[in-house]
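Letters go in sequence order (proteins before strands), and every chain restarts at 1.
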Protein chains: 2
Amino acid sequence: MEKNREEQLNEILVLFYFAYRTFTKEPDRILEQHGIQRVHHRILFFIARKPGLSVNELLATLEVSKQALHAPMRQLIEMGYIKSEPAEYDRRVRELRLTEKGEKLEKQLSNVQRKKMDAIFKEAGVKNEEVWKEIMKKIIENE
Amino acid sequence: MEKNREEQLNEILVLFYFAYRTFTKEPDRILEQHGIQRVHHRILFFIARKPGLSVNELLATLEVSKQALHAPMRQLIEMGYIKSEPAEYDRRVRELRLTEKGEKLEKQLSNVQRKKMDAIFKEAGVKNEEVWKEIMKKIIENE
DNA sequence: AATAAACGTCAATATTGTTGACCTATATTG
DNA sequence: CAATATAGGTCAACAATATTGACGTTTATT
């Protein structure tokens with residue numbers, strides 16, 4: 001690879017690293033005030049995106065072991081943020097949902113990120129929003 | 001916030017999460033073969049970007065404690081990937097540099113990411129590369 | 001000479017993740 | 001129906017990774 005191009009790509013890697021770190025910083029700060037961590041946010045986030053999703057689906061989404069999910073999930077249940085109820089179609093399956101309290105916290109956490117992205121894309125324009133999204137999709141694609 | 005807009009923003013958050021995770025997956029796999037972790041990659045990466053940077057600079061860049069950096073850094077030194085030598089201008093300061101072996105490993109790890117981004121941007125075009133970068137910069141900016 | 005800075009290191013502690021093993025409840029299948 | 005599979009919960013052992021606190025050495029600065 002050409003030297004100059006390599007340096008351009010290095011800048012891109014640096015940007016990706018710092019952007020992601022900055023992006024999670026403010027939610028992390030809020031989470032800390034509640035005595036919980038980033039995993040908890042992820043759990044809340046994905047339940048919010050698909051109310052009623054099963055434990056197995058959540059495991060697959062987060063790519064962690066059942067045992068790793070267990071502790072934070074139990075905490076969230078005990079703290080009254082999420083509820084877990086047997087599915088009607090199969091009573092072995094537990095459907096996960098946010099409580100009102102959980103919805104409130106999830107909103108508080110994710111709104112920081114949504115607002116930030118909204119402001120940036122409002123300035124950048126719809127077309128550039130689409131560009132950014134397409135690039136992120138391509139990164140995910142050929143996993 | 002309008003409901004539809006909120007859903008668009010949710011997709012953006014999802015993309016960010018999965019893109020970053022995918023992005024680090026392949027280097028993580030290589031690291032594992034060497035019996036080291038993502039921190040080690042970060043250390044190698046930032047030393048490669050600025051040969052001769054000091055321990056303090058590295059600490060500030062990675063935002064970890066001196067003690068947290070210590071173990072992985074010592075490992076890298078013992079494994080012969082990096083060297084740490086007193087700076088001429090101030091012999092208290094240690095200047096960190098990659099050895100040849102370290103350069104090779106750093107290239108192996110980061111090339112996965114550089115090549116991926118290069119391929120994507122080759123397809124997307126220079127203008128869209130600039131768009132993506134500008135957006136990532138804005139995310140970092142108002143930290 | 002006193003103080004400060006850069007770095008190294010040990011210790012105690014907390015957190016978070018992994019794998020393995022095993023249990024219950026419920027579905028599915030031969 | 002009996003055997004088996006699936007979804008989920010939980011305990012235990014272990015590894016890793018981070019934090020804070022404390023303290024030592026070397027070298028600069030004041």
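- Counting to the nearest Å, the P atom of D:dG9 and the CD atom of A:E95 are 13 Å from each other.
- Counting non-hydrogen atoms of neighbouring residues, nucleotides and ligands closer than 6.0 angstrom, the NZ atom of A:K137 exceeds 12 such neighbours.
- The CD atom of A:E88 sits 15 Å away from the P atom of C:dT26 (whole-angstrom rounding).
- OP1 or OP2 of D:dT19 has at least one side-chain nitrogen or oxygen of B:S65 nearer than 4.0 Å.
- Nearer the 5' end of DNA chain D, as judged by each residue's closest nucleotide, is the contact made by B:Q75, out of B:K66 and B:Q75.
- One finds no side-chain N or O of A:H70 lying less than 4.0 angstrom from the OP1 or OP2 phosphate oxygen of D:dG9.
- No more than 12 heavy atoms of other residues, nucleotides or ligands shown are found within 6.0 angstrom of CZ on A:R91.
- Atom CZ of A:R38 and atom P of C:dT15 are 17 Å apart (whole Å).
- Interface remark: the B:R92 side chain does not form any donor-acceptor pair with the D:dT26 base, using a distance-only criterion of under 3.5 Å.
- Atoms CD (B:E78) and P (C:dG8) sit 12 Å apart, rounded to a whole Å.
- Between A:N56 and the phosphate of D:dT6, there is no side-chain N or O to OP1/OP2 separation shorter than 4.0 Å.
- One can place CG of A:L69 at 16 Å from C1' of C:dT15, the figure rounded to the nearest angstrom.
- Judged by distance alone, the side chain of A:S54 and the main-chain N or O of A:E95 form no donor-acceptor pair under 3.5 Å.
- Positionally, the nearest nucleotide of DNA chain C for A:Q67 lies more toward the 5' end than for the other of A:D90 and A:Q67.
- Listed pair A:Q37 / C:dT16 meets the phosphate criterion, a side-chain N or O lying under 4.0 Å from OP1 or OP2.
- A residue-by-residue look at A:S54 and B:V64 shows that A:S54 has its nearest nucleotide of DNA chain D further toward the 5' end.
- Below 30°, between 30° and 60°, or above 60°: for B:F18 and A:F46 the angle between ring planes is between 30° and 60°, a tilted geometry.
- Crowding of B:K104 atom NZ: a count of heavy atoms from other residues, nucleotides or ligands under 6.0 Å not exceeding 12.
- Between the CD1 atom of B:I36 and the C1' atom of D:dA15 there is a distance of 17 Å, given to the nearest Å.
- Note: CD1 (A:I43) to C1' (D:dG8) measures 15 Å, nearest angstrom.
- Between the OH atom of B:Y89 and the P atom of D:dT29 there is a distance of 11 Å, given to the nearest Å.
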